[in-house]
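Notes follow the structure.
Residue numbers run from 1 in the order of the sequence given. Just follow the structure's listing: the first ligand is 1, and inside any ligand the first atom is 1.
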Amino acid sequence: MFSKLLVANRGEIAVRIIRACQELGIRTVAVYSEADAHALHTLLADEAYPIGPPPPTESYLRGDRLVEVALATGCEAVHPGYGFLAENAAFAEAVEAAGLTFVGPPAEAIRLMGDKVAARALMARAGVPVVPGYDGEGEVEAFLEAARALGYPVLVKAAGGGGGRGMRVVASEADLPAALEAARREARSAFGNGRVYLEKFLERPRHVEFQVLADRHGHVVHLFERECSVQRRHQKIIEESPSPLLDEELRRRMGEAAVAAAHAVGYVNAGTVEFLVDAERRFYFLEMNTRLQVEHPVTELVVGVDLVKAQLAVAAGEPLPFAQEELSQRGHAIECRIYAEDPARGFLPATGRVARAVEPAGPWVRVDAGITTGDEITYYYDPLIAKLIVWGESRDDALRRMAWALDRYILLGVTTNIAFLREVVRHPAFRRGEVTTDFVARHFAGWQPPQEEVPDEVLIAAALADQLGGASPADDHHPANSTGAGDPFSPWAVADSFRPGGR
Ligand code: MV4
């Protein structure tokens with residue numbers, strides 16, 4: 001195993017990686033931008049180095065600086081987290097060229113899966129079902145002919161895209177040429193690659209993805225599925241495992257397809273194979289994410305595997321410690337993403353200082369947070385504040401626990417989606433497991449937060465608590481909250497702003 005590792009990321013995922021390293025006795029080196037000098041990940045790592053101004057292009061995306069820091073501090077490996085450079089093949093190559101281990105897949109697998117047309121072709125050859133489509137080598141005439149054969153509506157997608165960017169639904173032949181032109185232009189400027197291709201447009205599909213894990217010795221296993229259909233603007237909000245949609249047979253077939261996909265691309269480390277499932281329960285390969293994903297905790301809680309530790313082990317060359325037959329799903333896990341955003345205004349990202357963060361705690365409740373009381377949320381980075389994950393024996397159990405935990409999650413000072421999530425997890429359609437990718441648009445269009453009057457008694461109590469200076473009214477009778485009046489040597493008489501447990 002490695003003795004020292006560079007965490008090439010920030011926020012909750014950097015914290016998650018640092019914690020796994022602490023357990024394993026791996027020393028950690030954090031990097032931070034000027035905006036993150038006091039961030040949790042900066043404070044928790046054994047060492048931390050500034051890498052530049054707040055914009056990611058000048059800090060977290062500076063692969064050259066990251067490699068420099070890793071070499072200068074004697075690291076043996078680099079964990080990229082997700083986002084930033086996690087799926088950048090050139091970065092993976094640069095890390096390896098410097099004699100360091102990239103905790104992720106081979107650069108070749110990243111590159112191939114980054115080209116959606118090449119990935120589709122490879123999957124089709126490997127016997128993994130893909131959405132009927134056209135790979136787009138020809139001119140407009142060839143597209144028109146292919147679309148006629150597929151039947152409208154069709155979807156124009158960018159070969160260099162993914163995650164829903166640069167897609168266009170085309171309802172009829174008359175609209176196709178203009179859509180192709182617009183999609184090409186958009187793709188060229190967004191991904192530097194104007195190539196587009198066609199797929200038959202599936203109406204109201206479900207998004208089910210399989211976690212895979214592969215070692216350097218040719219072994220691949222899957223760790224079952226996550227259902228990620230509750231999304232807005234191609235950003236997931238809620239994920240769960242198992243999927244309420246799958247039965248044993250479909251789960252087995254999709255798992256086998258995911259493993260075949262990983263084998264076909266020579267995959268190593270943790271990855272995710274995304275599928276769409278249509279109304280007839282047919283499944284199709286969509287894309288493969290060559291990184292650890294935001295929603296990995298639901299798999300961890302249901303399968304009982306620490307995915308970050310597993311990533312580190314296989315990166316260090318260890319064989320997978322379990323065979324497929326030894327893995328199973330137990331109970332149900334749900335994750336809610338807590339974002340600094342305003343669901344009543346098109347999920348517009350919100351900024352500001354977190355005046356107070358109180359995370360719910362209890363058996364089977366997990367919070368992966370990268371932000372705490374006093375932290376500033378800026379527009380430079382993803383507005384994800386934390387992930388709230390619960391486990392229950394059944395889906396109903398997990399749903400009740402999630403509602404309980406959301407009700408007790410306090411985040412003051414910035415607008416968050418917590419009130420929105422409280423209603424989603426209580427929505428009858430969600431409770432019935434009826435989630436398709438249009439769930440939010442269908443059930444929560446025009447949503448407004450509940451207008452609750454704060455009772456006078458609460459305002460009075462808050463004002464009194466503030467005046468008395470207590471951390472919370474319940475603490476005021478505790479002897480530790482004695483002011484030490486009359487005792488000049490009492491530690492409670494110290495009138496500076498020292499707070500135990502603060503930073
Ligand atoms: C599709 C589709 C329907 N038909 N492909 C969006 C994200 C990107 N990874 C692919 N996406 C879709 N591809 C075909 N042929 C519908 C979507 C889609 C979607 C997929 C997964 C989760 C949420 C979604 C929301 C809108 C559209």
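- The number of heavy-atom neighbours closer than 6.0 Å to CD of E137, taken from other residues, nucleotides and ligands shown, is above 12.
- Ion pairing between a basic and an acidic side chain is recognised when a charged N comes within 4.0 Å of a carboxylate O; R337 and E239 show such pairing.
- Note on D438 versus R232: no salt bridge recorded, every NZ/NE/NH1/NH2 to OD/OE distance being 4.0 Å or above.
- A heavy-atom separation below 4.0 Å is not found between E203 and ligand 1.
- Aromatic ring centres of F91 and F84 lie farther apart than the 6.0 Å criterion allows.
- By the 4.0 Å N-to-carboxylate-O rule, R400 lies close enough to D397 to be salt-bridged with it.
- In this structure, M167 counts as a contact residue of ligand 1, since one of its heavy atoms falls inside 4.0 Å of the ligand.
- Taking only nitrogen or oxygen atoms, main chain and side chain alike, E199 reaches within less than 3.5 Å of ligand 1.
- Looking only at protein heavy atoms, the nearest one to atom 8 (C) of ligand 1 is G164 N, 3.4 Å.
- Looking at ligand 1, you won't find any N or O of T437 less than 3.5 Å from one of its N or O atoms.
- Under 4.0 Å is where a charged nitrogen must lie from a carboxylate oxygen, and between E393 and R401 no such pair does.
- Considering only heavy atoms from C-beta on, L144 comes within 4.5 Å of E173 through its side chain.
- Around CD of E96, the count of heavy atoms belonging to other residues, nucleotides or ligands within 6.0 Å exceeds 12.
- With sequence neighbours excluded, the residues forming a side-chain hydrogen bond (donor to acceptor under 3.5 Å, both in side chains) with E93 are R111, listed by chain and number.
- Heavy atoms from other residues, nucleotides or ligands lying under 6.0 Å from CZ of R233 number more than 12.
- Using a 4.0 Å cut-off between heavy atoms, K157 contacts ligand 1 through its side chain alone, with no backbone atom that close.
- Here is the list of ligand 1 atoms found below 4.0 Å of a heavy atom in F201: 3 (C), 4 (N).
- Close N/O approach between Q231 and ligand 1 is not found [any backbone or side-chain N/O within under 3.5 Å].
- For atom 14 (C) of ligand 1, the nearest protein heavy atom (residue, atom name, distance) is L155 CD2, 3.4 Å.
- Counting the atoms of ligand 1 from 1 in the order shown, those under 4.0 Å from a heavy atom of K200 are 4 (N), 14 (C), 15 (N).
- Looking at V131 against ligand 1, only its side chain comes within 4.0 Å, counting heavy atoms.
- For a threshold of 3.5 Å applied to N or O pairs, the pair formed by H234 and ligand 1 contains no separation below that value.
- Distance from atom 20 (C) of ligand 1 to its nearest protein heavy atom, with residue and atom name: L276 CD2, 3.8 Å.
- The protein non-hydrogen atom at the shortest distance from atom 9 (N) of ligand 1 is E287 OE1, 3.2 Å.
- Taking atom 21 (C) of ligand 1 as the reference point, the nearest protein heavy-atom neighbour is H207 ND1, 3.1 Å.
- In terms of the side-chain hydrogen bond (donor to acceptor under 3.5 Å, both in side chains) criterion, residue partners of R426 (sequence neighbours excluded) are, by chain and number, D407.
- Counting heavy atoms closer than 4.0 Å to ligand 1, residue D438 contributes nothing at all.
- Among protein heavy atoms, the minimum distance from atom 4 (N) of ligand 1 is reached at L202 N, 2.9 Å.
- Evaluated by nearest non-hydrogen atom to atom 16 (C) of ligand 1, the leading choice among P132, G133, P205 is P205.
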